[in-house]
Amino acid sequence: MASLSLGLSLSRKKNISRNAAVERKNLITVCRFSVKTLIDRSCFETIDDSAPEFVNFASILEQILSHRLKGQITWFGYESPRSFWDYIRVACSKVPHSCICSIENMENVSSSRAKGRAWIRVALMEKRLSEYVTAALRDFKTTRRFYDDGAIVLGEEANMLAGMLLGLNAIDFSFCLKGEGLDGSFPAVIDYTPYLKFTQSSDSISSDEEELRTLGSSGSESSTPENIGPPFIMDENSWYNKCKRVEQKYRLALEQKGYLEELVRLREAQLSDSVSQNKLLLQRIERTELNHKLEKEQLEYIIVELQDQLKSFHSLGQLSADASLSQISFDPGQSQDGNGKHEGSHLTRVNDCGVMQ
């Protein structure tokens, strides 16, 4: 019984681990397909809220950012549901020139889920969605605090997600932030049907036709190649499929070209900002060094002045001491008293001797 229960427990853990891995893989794969469909749609028109490709992409991204998101513990110990906006608001707070404060202060958006959906739209219009997600994923401490183990944002798929979203910077989006898409009263639902369509290539079609012809010839001995049909139709279909593939490759090359141009423009802007910031820092360092030099010269001048004043104070003290001594020695009152005493003693000596001088 113990071994049976242990085997069941191991099997259950294995199934749970497999289901979690399949769920992560499905979400990342469908997100990649969604980004590709958005890029394809953007070649013909501007993407807005009515585009089904965008509606599906927003739902997929919301599901990814909500995957294994921890609930919020209340005062009574219960766990209340939480939106991915709570995580984005904290993890992206240090992104320079971010839209976080603007979305927090939006009057027509009240719920946390609606604010998260507004953030997705604003970030796409700013062409900074990948930058926000990358900055949030770099704050691993905050990410670990908001998500349970096995979440997509905590696994290897997180780097793939940031790379996929970078391709959306080449698309021009136009959204209304007052539409029904921001309604946070209903959850996001992913439509998988656009990605489940099976398109057969020309090679597989031709092989199927050959198999049908082979089956037809083996089933009837009187069948001849003339009964199968003219080969020109097959060639025409083949050329049509080839032209279609070339057109798709051309469109893909154009999309990649636009993406690379946008990426180069973004890097050039970042380089220009870095160069300007470097110049400002160098100017600030030069000003600081000049101020330090001036302050040093002023301090040295003050020290010299203080030393001169100290010397003059010593000289004045010596002079005052000499003056006081000379004043004591040459005081008229004391001189007269001393002379009187000397004269009296002199007279006394004369009287004692009895000699008059």
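From a predicted model like this one, the values you see are computed outputs, not experimental measurements.
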### Task
State whether the side chain of S42 and the backbone N or O of I39 hold a donor-acceptor pair below 3.5 Å, judged by distance alone.
yes
#### Entry: Under 3.5 Å: donor-acceptor pair, side chain of H67, backbone of I152
yes
### Nearest-0.5 Å distance, CD of residue E126 to NE2 of residue H97
11.0 Å
### Task
With sequence neighbours excluded, give me every ring-ring contact (aromatic ring centres under 6.0 Å, His included) pair touching residues 275-317.
none
### Pairwise distance CD(E255) to CD1(I171) - rounded to 0.5 angstrom
8.0 Å
#### Entry: Carboxylate-amine/guanidinium proximity below 4.0 Å for D149 and R68
no
### Task
Taking only Lys NZ, Arg NE, NH1 and NH2, and the carboxylate oxygens of Asp or Glu, determine whether R265 and E268 approach each other closer than 4.0 Å.
no
### Query
With ILVMFWY side chains joined below 4.5 Å, transitively, what does L290's cluster contain besides itself?
L294
### Message
What I want to check is whether the side chains of E104 and W85 have a donor and an acceptor closer together than 3.5 Å.
### Response
yes
### Task
Starting at CD1 of I100, measure out to NZ of K115 and round the result to the nearest 0.5 Å.
11.0 Å
### Short side-chain donor-acceptor distance under 3.5 Å, N26 and Y192
no
### Task
First locate atom CZ of R138, then atom SG of C92, and finally report the distance between them rounded to the nearest 0.5 Å.
11.5 Å
### Message
Using modelled atom types and a 3.5 Å cut-off, is there a donor and acceptor pairing between side-chain atoms of S272 and backbone atoms of A269?
### Response
no
### Summary
Contacts of K257 meeting salt bridge (charged side-chain N to carboxylate O under 4.0 Å, His left out) (sequence neighbours excluded), chain-then-number -> E261
### Task
Establish, for the pair R32 and F57, whether the NZ or CZ atom is under 6.0 angstrom from the six-membered ring centre and no further than 45 degrees off its axis.
no
### Task
Report the residues that fulfil side chain to side chain donor-acceptor pair (under 3.5 Å) with D172, sequence neighbours left out, ordered by chain and then residue number.
K127
### Query
Can you tell me how far the CG atom of L168 sits from the CD atom of E262, to the nearest 0.5 Å?
11.5 Å
### Query
Distance-only, no hydrogens or angles: does the D86 side chain make a donor-acceptor pair with backbone N or O of R82 under 3.5 Å?
no
### Message
Checking E53 now: which residues fulfil salt bridge (charged side-chain N to carboxylate O under 4.0 Å, His left out) with it, not counting sequence neighbours?
### Response
R41
### Query
Going by the ring-ring contact (aromatic ring centres under 6.0 Å, His included) test, which pairs reach into residues 139-167, not counting sequence neighbours?
Y87-F146, Y87-Y147
### Query
If you measure from CG on L69 to CG on D148, what distance do you get to the nearest 0.5 Å?
8.5 Å
